[in-house]
Amino acid sequence: MGSHRRTAPSSGSERSTALALGLLSAAATALGAVPATAAPQEDSRAEVDRLYREAEKATEAYNAADERADALRRDIADAQDAIARKQQRVNTMRETLGSLAGSQYRSGGLDPALSLLLSEDPEDYLRKASVLDRLGVHQTAELRKLRGTLRSLSQDRAEAGKRLGALERSRKAAATHKRTVEHKLAEARRLLGSLPAGERAAWDRAFRSGRTDLLGPGGAPASGRAAAAVAAARSALGKPYVWGANGPSGFDCSGLTQWAYAQAGVALPRTSQAQRYAGRQVPLSEARPGDLVLYRSDASHVGMYMGNGQVIHAPYPGAPVRYDPVGMMPVSSVTRV
């Protein structure tokens, strides 16, 4: 067996060195533990940001599908009205042609020459024959009209069938986007709920941070309708964020701007991506109250510029319609309606 040599007792200097190293190691461990505990919270806040961004994109997709469905429903209703009117015309034409056919049948039992010979009043017969001849020409024209109307009716029905199919696809797309939104919002709420109150407040402050000196006061609204939209947006302050809603009791981001301009008599598209092209684009440095400020490269968020470096917008679930700095997130464009 090998022998074990006992280690000599440490000198005082060595003991002091070992103690110092131990303290430094403990301090390093303690310092290293701070990021370790903070990182999950920071990761959670970043994940909440990501989930809200993705939910907002899905909300805009839902709004687009829902708008498409509404337009298709109107088109289908119009088509059904047109089909009903054409069907009534077909029925009337058939009744008219039936009457003409009956008249010809009743008049056509005898050879025309023999009818003329046997007629007590040849002049009366000739008058009737002339009328029947004209009826024959009229009947031919009516038949052509009937055939044309029937072809048009068949085309209308086929087109209505296509629109019904498109409506069903739009409904399914909206339902899919709705499930996506609900899932992401539920996950975001769960993550936010898992954060301490201070961290939740810090996350909200971070969302609301941004430069307010990106542009000047902005002056007056560019038009009377912009002024009316600004007044409407201010009246919505404090209303809750409700995804898929466009007022008056709740709003998502594009729903707020659409509703505000509707109060000014201006019809904006439903989605922020479409609102981006609802007017003339101007530089951010020239923004005036009432202009639409689009955020992120995909224009998935929108607010209304109010002047003094501020926008009014519907931020996210749990946050009411409020003022925030215009630079709270990357601005992609500014649209003057």
Side-chain angles (χ1 to χ4, degrees), residues 56 59-71 73-75 210 212 214-296 298-317 319-329 331-337:
E56 197 157 45
T59 298
E60 291 297 287
Y62 168 84
N63 289 338
D66 196 44
E67 186 176 43
R68 167 79 171 150
D70 285 343
R73 278 190 285 267
R74 290 191 295 271
D75 288 346
T212 59
L214 294 174
L215 61 179
S223 65
R225 62 190 181 189
V230 164
R234 285 182 177 138
S235 75
L237 286 168
K239 297 288 180 67
Y241 180 104
V242 178
W243 78 264
N246 59 348
S249 57
F251 304 91
D252 60 23
C253 68
S254 57
L256 172 63
T257 48
Q258 184 191 46
W259 176 85
Y261 264 100
Q263 310 317 297
V266 178
L268 288 185
R270 180 62 182 90
T271 66
S272 58
Q273 289 93 341
Q275 289 178 12
R276 172 187 238 168
Y277 303 106
R280 178 171 60 92
Q281 294 194 1
V282 298
L284 177 61
S285 60
E286 297 177 11
R288 301 180 74 175
D291 290 348
L292 303 179
V293 182
L294 286 305
Y295 291 96
R296 307 190 189 107
D298 59 357
S300 58
H301 190 79
V302 62
M304 184 180 293
Y305 187 62
M306 292 287 134
N308 296 310
Q310 299 286 314
V311 294
I312 285 179
H313 69 137
Y316 54 84
V321 175
R322 69 190 187 191
Y323 283 100
D324 272 328
V326 69
M328 61 187 170
M329 61 182 84
V331 174
S332 59
S333 62
V334 178
T335 298
R336 181 159 298 156
V337 178

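All residue numbers refer to positions in the sequence shown, counting from 1.
V331 and V326 get closest at one heavy-atom pair: CG2-O, 3.6 Å. Residue Q273 comes nearest to R276 through the heavy atom pair O-CB, 3.3 Å, listed as atom of the first residue, atom of the second, then distance. The minimum heavy-atom distance between P315 and H313, with the atom names listed, is CD-O, 3.4 Å. For G307 against P289, the heavy-atom pair with the smallest separation is N-CG, 4.2 Å. The shortest non-hydrogen separation linking Q310 to Y305 is O-CD1, 3.2 Å. Here the shortest heavy-atom pairing between A260 and M304 reads CB-CE, 3.8 Å.
To the nearest 0.5 Å, atom OG of residue S272 and atom CG of residue L256 are 12.0 Å apart. The distance from the CG atom of D291 to the CD atom of Q281 is 11.0 Å, given to the nearest 0.5 Å. To the nearest 0.5 Å, atoms OH (Y295) and OG (S332) are separated by 9.5 Å. Distance check, rounded to the nearest 0.5 Å: CD of Q258 to CD of E67 gives 7.0 Å. Going from atom CG of N246 over to atom CG of L268 covers 11.0 Å, rounded to the nearest 0.5 Å.
Put simply, the side chain of V302 does not reach to within 4.5 Å of the side chain of T335, judged on heavy atoms.
In this structure, the side chain to side chain donor-acceptor pair (under 3.5 Å) partners of Q275, at least two apart in sequence or on a different chain, are T257. For A61, the side chain to side chain contact (heavy atoms under 4.5 Å, CB included) test picks out H177, with sequence neighbours left out. By the salt bridge (charged side-chain N to carboxylate O under 4.0 Å, His left out) test, D298 is found to be paired with K57, residues two or more places apart in sequence or in another chain being considered. For the side chain to side chain contact (heavy atoms under 4.5 Å, CB included) test, residues two or more places apart in sequence or in another chain that qualify with A64 are T271. Among residues two or more places apart in sequence or in another chain, the side chain to side chain contact (heavy atoms under 4.5 Å, CB included) test is passed with A71 by R74. Partners of R73 according to the side chain to side chain donor-acceptor pair (under 3.5 Å) rule, which considers only residues two or more places apart in sequence or in another chain, are D70. Looking at residues two or more places apart in sequence or on another chain, you find no side chain to side chain donor-acceptor pair (under 3.5 Å) involving R68. Taking E60 as the reference, nothing meets the salt bridge (charged side-chain N to carboxylate O under 4.0 Å, His left out) condition, with sequence neighbours excluded.
The stretch residues 243-253 participates, sequence neighbours left out, in these salt bridge (charged side-chain N to carboxylate O under 4.0 Å, His left out) pairs: D252-R270. Identified under the ring-ring contact (aromatic ring centres under 6.0 Å, His included) test for residues 254-277, with sequence neighbours left out: F251-W259.
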Can you give the donor-acceptor pairs under 3.5 Å from side chains of residues 231-245 to other protein atoms, not counting sequence neighbours?
| from | atom 1 | to | atom 2 | distance (Å) |
| --- | --- | --- | --- | --- |
| R234 | NE | Y323 | OH | 3.4 |
| S235 | OG | A232 | O | 2.5 |
| K239 | NZ | P248 | O | 3.0 |

Without placing hydrogens or testing angles, list every side-chain donor-acceptor pair under 3.5 Å for residues 222-230, not counting sequence neighbours.
| from | atom 1 | to | atom 2 | distance (Å) |
| --- | --- | --- | --- | --- |
| S223 | OG | A226 | N | 3.2 |
| R225 | NH2 | V337 | O | 3.4 |

- May I have the step-by-step check of side chain to side chain contact (heavy atoms under 4.5 Å, CB included) for V311 and M328, ending in yes or no? CA-CA 9 Å; V311 294; M328 61 187 170; 4.0 Å; yes

